[in-house]
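Working notes for the structure below.
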Amino acid sequence: MRLMLAALLLATLPATVLAVPTPAPASPAPTVPMERVALETSAGRIVLELDPGKAPQTVANFLAYVESGHYNGTIFHRVVPNLLVQGGAFTPDLQPKPERAPVSLEAGNGLNNLRGTIAAARRPDTRDSATAQFFINVVDNPQFDAVDPSNDIGAGYAVFGRVVEGMDVVDAMRQAETGAQGPFPSRVPTQAIVIERAVRLPGTAQ
C-alpha cells in the first residue's frame with residue numbers, strides 16, 4: 001500500500017521537479033581584433049589586414065618594425081613574377097637595415113599561402129629565423145605551407161595577414177624588370193620599388 005501511494009505521489013509531481021537542469025551555454029572565445037597597416041610605396045598604396053589571433057608573435061613583430069619606422073625607405077628587393085614579391089630589409093643601395101631578434105615560427109596556424117596573403121620570410125634551413133623581411137604571395141603557393149613540421153625545410157612559412165587593398169599594385173610589381181644587383185644574382189627590380197612609409201591604421205578591421 002505504501003509503495004502504491006509513493007508511486008501515485010511521484011506521478012502527480014510537476015515535470016519541472018524531475019527535469020535535469022540544462023547547463024548554461026559556454027561563452028564564445030573572445031575574438032582578437034584584426035590590425036591594418038598601409039604601405040605607401042613608389043608603386044602605389046597597399047593595405048594589409050593582419051591576424052594577431054592566428055599569428056600573435058609574427059604580427060607583433062611586424063607591427064614593432066612598422067612603429068619604429070624600420071620599413072620606411074626599404075625596398076622590395078626580390079620579385080618572382082609567378083611566385084612572390086619580397087621586401088622589408090634593404091635600402092635602395094641594397095644595404096641591410098638593423099633587425100630585431102627573430103621570432104618563433106607560427107606556420108601551420110590555419111592560414112595558408114594563398115594569393116594575396118603576406119607571410120614572414122625566414123632562412124629555409126632555420127625555422128625560427130624570421131625578422132623584418134616579408135613576402136606577398138602573388139599566386140597560391142601550397143609548397144610554402146607546413147608540409148612537414150618535423151624538419152625545418154618543410155616547416156613552412158607563417159602567413160600572418162592578407163592584402164585588402166592594392167593587389168593591383170602588387171600585380172604591377174611582379175611585372176617589374178629585374179636583374180642582378182649587389183649581393184643578389186637575380187630578381188632585383190632594375191628600378192627600385194620603395195616603401196616610402198609604413199603606417200599602422202587607426203581602428204580595426206572586422
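Model, not experiment: these values are computed from the prediction.
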Next item on the list: Kindly indicate, with the supporting measurements, whether the criterion side chain to side chain contact (heavy atoms under 4.5 Å, CB included) is fulfilled by Leu111 and Asp51.
Entry: CA-CA 9 Å; Leu111 301 177; Asp51 192 338; 4.1 Å; yes

Next item on the list: Would you kindly confirm whether Leu48 and Val139 end up in one hydrophobic cluster when ILVMFWY residues are joined by side chain heavy atoms under 4.5 Å apart?
Entry: yes

Notebook entry, point to check: When clusters are formed by joining ILVMFWY residues with side-chain heavy atoms under 4.5 Å apart, either directly or through shared neighbours, do Ile118 and Val59 land in the same one?
Noted result: yes

Next item on the list: Determine the interplanar angle of the Tyr71 and Phe62 rings, folded into 0 to 90°, and report it as parallel if under 30°, tilted if 30 to 60°, perpendicular if over 60°.
Entry: tilted

Check: Hey, does the side chain of Asn72 reach the backbone of Ala198 with a donor-acceptor pair shorter than 3.5 angstrom?
Finding: yes

Margin query: Using side-chain heavy atoms (C-beta onward) and a distance below 4.5 Å, is Val163 in contact with Ile46?
Written below: yes

Notebook entry, point to check: What's the verdict on side chain to side chain donor-acceptor pair (under 3.5 Å) for Gln133 and Gln86, showing C-alpha distance, side-chain angles and the deciding distance?
Noted result: CA-CA 7 Å; Gln133 291 193 49; Gln86 183 172 335; 2.7 Å; yes

Checklist line | In one Ile/Leu/Val/Met/Phe/Trp/Tyr side-chain cluster, 4.5 Å: Val79, Leu39 | finding: yes

Next item on the list: Show your reasoning for whether side chain to side chain contact (heavy atoms under 4.5 Å, CB included) applies to Val138 and Val85.
Entry: CA-CA 7 Å; Val138 299; Val85 298; 4.3 Å; yes

Note to self: With a 3.5 Å distance limit and no angle check, can you tell me whether Arg122 reaches the backbone of Gly156 through a side-chain donor-acceptor pair?
What the structure shows: yes

Check: Side chains of Val164 and Met34: closer than 4.5 Å at any heavy-atom pair?
Finding: no

Note to self: As a quick check of understanding, evaluate ring-ring contact (aromatic ring centres under 6.0 Å, His included) for Phe134 and Phe160, giving each step before the final call.
What the structure shows: CA-CA 10 Å; Phe134 61 88; Phe160 62 98; 7.6 Å; no

Checklist line | Check: Phe90 ring centroid to Phe76 ring centroid under 6.0 Å | finding: no

Check: Just wondering, do Arg78 and Val188 contact through their side chains at under 4.5 Å, heavy atoms?
Finding: no

Checklist line | Asn112 (side chain) donor-acceptor with Leu114 (main chain) under 3.5 angstrom | finding: no

Margin query: Please check if the number of heavy atoms outside Glu165 that lie under 6.0 Å from its CD is greater than 12.
Written below: yes

Notebook entry, point to check: Do the side chain of Asn137 and the main chain of Leu84 share a donor and acceptor less than 3.5 angstrom apart?
Noted result: no

Notebook entry, point to check: Any side-chain heavy atom of Ile136 within less than 4.5 Å of one from Arg115?
Noted result: no

Check: Is there a side-chain contact between Leu83 and Asn141, using heavy atoms and a 4.5 Å cut-off?
Finding: yes

Notebook entry, point to check: Taking all non-hydrogen atoms of both residues, which atom of Ala119 and which atom of Asn113 are closest, and how far apart?
Noted result: CB-OD1, 3.6 Å

Check: For Gly110, does its backbone N or O pair with a side-chain atom of Lys54 as donor and acceptor, under 3.5 Å?
Finding: no

Notebook entry, point to check: Just by distance, do the side chain of His70 and the backbone of Gly88 share a donor-acceptor pair under 3.5 Å?
Noted result: yes

Check: Backbone N or O of Ala155 within a donor-acceptor pair of the Asp148 side chain at under 3.5 Å?
Finding: no

Checklist line | Leu63/Val37 under side chain to side chain contact (heavy atoms under 4.5 Å, CB included): CA gap, chis, key distance, verdict | finding: CA-CA 8 Å; Leu63 291 175; Val37 167; 3.6 Å; yes

Checklist line | Which atom of Ala89 lies closest to which atom of Glu99, heavy atoms considered | finding: CB-OE2, 3.9 Å

Note to self: Set out, in order, the CA-CA distance, both residues' side-chain angles and the distance that settles side chain to side chain donor-acceptor pair (under 3.5 Å) for Gln95 and Asp93, then state yes or no.
What the structure shows: CA-CA 6 Å; Gln95 296 302 306; Asp93 58 355; 4.8 Å; no

Item checked: Val80 with Tyr157, same ILVMFWY side-chain cluster at under 4.5 Å -> yes

Next item on the list: Determine the minimum heavy-atom distance between Val194 and Pro92, stating which atoms define it.
Entry: CG2-CG, 4.3 Å

Check: Would you call Met173 and Pro189 a side-chain contact if the rule is heavy atoms closer than 4.5 Å?
Finding: no

Next item on the list: With side chain to side chain contact (heavy atoms under 4.5 Å, CB included) as the test, would you mind laying out the steps for Gln191 and Glu177 before giving the verdict?
Entry: CA-CA 8 Å; Gln191 182 174 350; Glu177 180 182 350; over 6 Å; no

Check: Counting distance only, does the side-chain N/O of Asn109 pair as donor-acceptor with the main-chain N or O of Val159 below 3.5 Å?
Finding: yes

Notebook entry, point to check: Should Arg187 and Pro81 count as side-chain neighbours, where that means a heavy-atom distance under 4.5 Å?
Noted result: yes

Next item on the list: Heavy atoms only: give me the nearest Ala158-Ala107 pair and the separation to one decimal.
Entry: CB-N, 3.6 Å

Notebook entry, point to check: When rounded to the nearest 0.5 angstrom, what is the spacing between CG in Leu201 and CD in Glu49?
Noted result: 11.0 Å

Item checked: Any donor-acceptor N/O pair, Asn151 side chain to Ile153 backbone, under 3.5 Å -> yes

Next item on the list: Indicate if Ile195 and Met167 have the same hydrophobic cluster label, given that clusters are the connected sets of ILVMFWY residues with side-chain heavy-atom separations under 4.5 angstrom.
Entry: yes

Checklist line | Closest non-hydrogen atom pair between Ala176 and Ile193, with its separation | finding: CB-CD1, 4.2 Å

Next item on the list: Please name all residues satisfying side chain to side chain contact (heavy atoms under 4.5 Å, CB included) with Glu40, sequence neighbours left out, ordered by chain then number.
Entry: Ala38, Arg45, Arg197

Note to self: Please check this pair: side chain of Thr126 against backbone of Ser129, looking for a donor-acceptor N/O pair closer than 3.5 Å.
What the structure shows: no

Check: Does a side-chain N-to-carboxylate-O contact under 4.0 Å join Asp152 and Arg127?
Finding: yes

Next item on the list: State, to 0.1 Å, how close Pro52 and Leu50 come at their nearest heavy-atom pair, and which atoms those are.
Entry: CD-O, 3.2 Å

